[in-house]
Enquirer: 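My structure is below; once you've seen it, I'll send some questions.
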Number of protein chains: 2
Amino acid sequence: MKLEENPLVEYFQVAIASSLVLFGFDGEELFILLSRKSHEPFKDAYILPGKYVKPSEGNDAVMHELLNERIGVNPDSIYLEQLKAFSKVFRNPLGRVVNIAYYALVKLTPEVKKHSNDFENDWIPYNKIPDLAFDHNDIIIYAKERLKRRVKRRPVGFNLLPEEFTLSQLQALYEKALNRELDKRNFRKKIFNSNLIIETGNQTDPNLYRKVSKLYRFDEEKYEKMTLKGYDFLF
Amino acid sequence: MKLEENPLVEYFQVAIASSLVLFGFDGEELFILLSRKSHEPFKDAYILPGKYVKPSEGNDAVMHELLNERIGVNPDSIYLEQLKAFSKVFRNPLGRVVNIAYYALVKLTPEVKKHSNDFENDWIPYNKIPDLAFDHNDIIIYAKERLKRRVKRRPVGFNLLPEEFTLSQLQALYEKALNRELDKRNFRKKIFNSNLIIETGNQTDPNLYRKVSKLYRFDEEKYEKMTLKGYDFLF
DNA sequence: ACAAAAGTGTTCAACCTACACCCATGT
DNA sequence: ACATGGGTGTAGGTTGAACACTTTTGT
């Protein structure tokens, strides 16, 4: 059917865009990926990475493209979830644009850092997000709250930490995401009691750290269960 | 700017619709409001109540219209929240339609029942939802999960119960929403310890029930706080 | 008399919180 | 020697879960 023949033609004049709040953790700090606008308007301003979505495209497919091409991470190996639609009637002179926002979690390896930087993106510390164009600050606020809830109720470390990690790294992740300090002994008790992690027998490289520490990995089966059902406890 | 001059014209060919999952509680049972389709295709099939949104309209405004006109409840006195966008590339022959779904909670008084029935809507028991057109069953599944989470973490009774209510009604609401039975004594302890409700001094009408019982109301100040911050406990 | 719903306490187990010191290593 | 970060246990309070009987009133 041609658009002109559509009885609801007056409705079919909206565009979809999808923006992504991508959280990355490097073992010490939490970051959010921001894009720098290369053209006017708002040249050099930061925005969330995003794309317009054609009527024939699925949102998920567009997000996968974005992750693959402009960010350099494999979409199948990360956690990706829709946040919600931000659908205020914008002052965008081009027309009504609905932003279907996503959030995702990624291990922040040097390779990912490099690739995403090549595409005019910067990893900005979680607590130092500047003013962004449009309503993108609202989207980030919403995403941070979602992350906080997820961290409290479900395991998220698998998506943000390397295969093998130390308990200190895990704790640092929780502290950054929840924005408060946790007691080391109580944290360890809670994690061990959950049976979520397994000692690998390996240790950190003695050349890198002052003192070696034990490395752990997630019990994937248990992790899957908790991702679906949540913890029995709360952080 | 005219649409034909828009450099992104190929993107501006999407329509927005908004559907509503409206939960109602009558003191005993939880219901969801469904509309009956009066025309082909899918004549007589149930769908969620909803509307198309014009490019110039805000989603919230359209939801308010829907609630006012077709359902007969004052949008300012209920709880209304966006769920998320359902944006699969539909097989809808008219084109790409993004459904920005909402959920809302309402006290199911006889007046509301009557008004919404006048507009080809039926209140269907929560656990007896039939197959719906489009992906509306998916939306309902998502909404039920959202309600469950809200019930566990935040007070929702204020929006679903009459001004004054009995503890048995409150407990019935929690049991229906969570889909499991709760121990009466433990339930009362938990509720009383939260200081969320206040004894009004009134009792149920002796002509209506076998046995009179005490009526309570919410402590609005406390309620507001918990709506923002959540309980300190979980159900 | 019986069916239906209101109301009421205690005990045990599990969990949460607060809290301090020793050890190994690199500088 | 000192600074850094890894690693470990206990005690007290709070909370959650399981559990049964009495009272009132309508039929």
Enquirer: Classify the angle between the aromatic ring planes of B:F218 and B:F165 as parallel (below 30°), tilted (30 to 60°) or perpendicular (above 60°).
Expert: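 Judged by the thresholds at 30° and 60°, the geometry between B:F218 and B:F165 is tilted.
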
Enquirer: Looking for any heavy atom pair under 4.0 Å, which part of the strands does A:T166 touch: base, sugar-phosphate only, or nothing?
Expert: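 Touches nothing.
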
Enquirer: Among C:dT17, D:dT8, C:dC16, which nucleotide sits nearest the side chain of A:N186?
Expert: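 Selected nucleotide: C:dT17.
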
Enquirer: Can you check whether A:S168 has a side-chain N or O nearer than 4.0 Å to OP1 or OP2 of D:dG5?
Expert: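 For D:dG5, OP1/OP2 do not have a side-chain N/O of A:S168 under 4.0 Å.
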
Enquirer: Go through the N and O atoms of the side chain of A:K214 and the base of D:dG7, and report whether any donor-acceptor pair is under 3.5 Å.
Expert: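 For A:K214, whose side chain was compared with the base of D:dG7, there is no donor-acceptor pair (under 3.5 Å).
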
Enquirer: Return the set of residues passing side chain to side chain donor-acceptor pair (under 3.5 Å) with A:D76 (not counting sequence neighbours), or none when no residue passes.
Expert: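 For A:D76, no residue satisfies side chain to side chain donor-acceptor pair (under 3.5 Å) once neighbours in sequence are set aside.
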
Enquirer: Between atom CZ in A:F233 and atom P in D:dG16, what is the gap in whole Å?
Expert: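 That distance rounds to 16 Å.
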
Enquirer: Distance check needed: D:dA20 C1' versus B:R185 CZ, whole Å only.
Expert: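 Those two atoms, CZ and C1', are 6 Å apart.
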
Enquirer: Kindly indicate whether the side chain of B:K190 and the base of D:dG16 share any N or O donor-acceptor pair separated by less than 3.5 Å?
Expert: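 By the distance-only test, no, there is no pair.
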
Enquirer: Which atoms of nucleotides 25-27 of chain D (N or O only) lie under 3.5 Å from a protein N or O atom, and what are those distances?
Expert:
residue	atom	partner	partner atom	Å
D:dT25	O3'	B:R210	O	3.4

Enquirer: In whole angstrom, give the distance that lies between atom NZ of B:K184 and atom P of C:dG9.
Expert: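 Interatomic distance, NZ of B:K184 to P of C:dG9: 13 Å.
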
Enquirer: In whole angstrom, what separates A:L182's CG from D:dG7's P?
Expert: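 Going from A:L182 (CG) to D:dG7 (P), I get 17 Å.
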
Enquirer: Could you tell me how far apart B:I191 (CD1) and C:dA6 (C1') are, to the nearest whole angstrom?
Expert: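 The answer, rounded to whole Å, is 16 Å.
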
Enquirer: Roughly how many Å is it from CD in A:E181 to C1' in C:dC16, rounded to a whole number?
Expert: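 Value for this atom pair: 18 Å.
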
Enquirer: Using a 6.0 Å distance limit plus a 45 degree cone around the ring axis, check whether A:K190 lies over the aromatic ring of A:F235.
Expert: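 Checked: cation-pi criterion met.
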
Enquirer: Is any side-chain N or O of B:R188 under 3.5 Å from a base N or O of C:dA6, one able to act as donor and the other as acceptor?
Expert: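 Flag unset: no donor-acceptor pair detected.
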
Enquirer: Donor-acceptor pair under 3.5 Å: do we get one between B:K189's side chain and the base of C:dT8?
Expert: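 Check fails, no donor-acceptor contact within cut-off.
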
Enquirer: Which label fits B:Y223 and B:F158: parallel for a plane angle under 30°, tilted from 30 to 60°, or perpendicular past 60°?
Expert: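 Ring orientation, 0 to 90° scale: tilted.
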
Enquirer: Inspect the contact between B:E65 and B:R70 and indicate whether a charged nitrogen and a carboxylate oxygen are less than 4.0 angstrom apart.
Expert: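 Looking at B:R70 and B:E65, the cut-off is not met.
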
Enquirer: Looking across every strand, which nucleic acid part, if any, lies under 4.0 Å from B:D183 by heavy atom: base, sugar-phosphate, or nothing?
Expert: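 Base contact - B:D183 has a heavy atom under 4.0 Å of at least one base atom.
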
Enquirer: Would you mind telling me which of A:K37, A:H136, A:R36 makes a side-chain hydrogen bond (donor to acceptor under 3.5 Å, both in side chains) with A:Y46?
Expert: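 Between A:Y46 and the candidates, side-chain hydrogen bond (donor to acceptor under 3.5 Å, both in side chains) is satisfied uniquely by A:R36.
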
Enquirer: If I take atom CD in residue B:Q203 and atom P in nucleotide C:dA6, what distance separates them, rounded to the nearest angstrom?
Expert: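 That distance rounds to 13 Å.
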
Enquirer: What is the distance from CG of A:N193 to P of C:dC15, rounded to the nearest Å?
Expert: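 From A:N193 CG to C:dC15 P: 7 Å.
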
Enquirer: Which residue is it: B:K214, B:R217, B:E164? I am looking for the one with a side-chain hydrogen bond (donor to acceptor under 3.5 Å, both in side chains) to B:N202.
Expert: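 Among the candidates, only B:E164 passes.
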
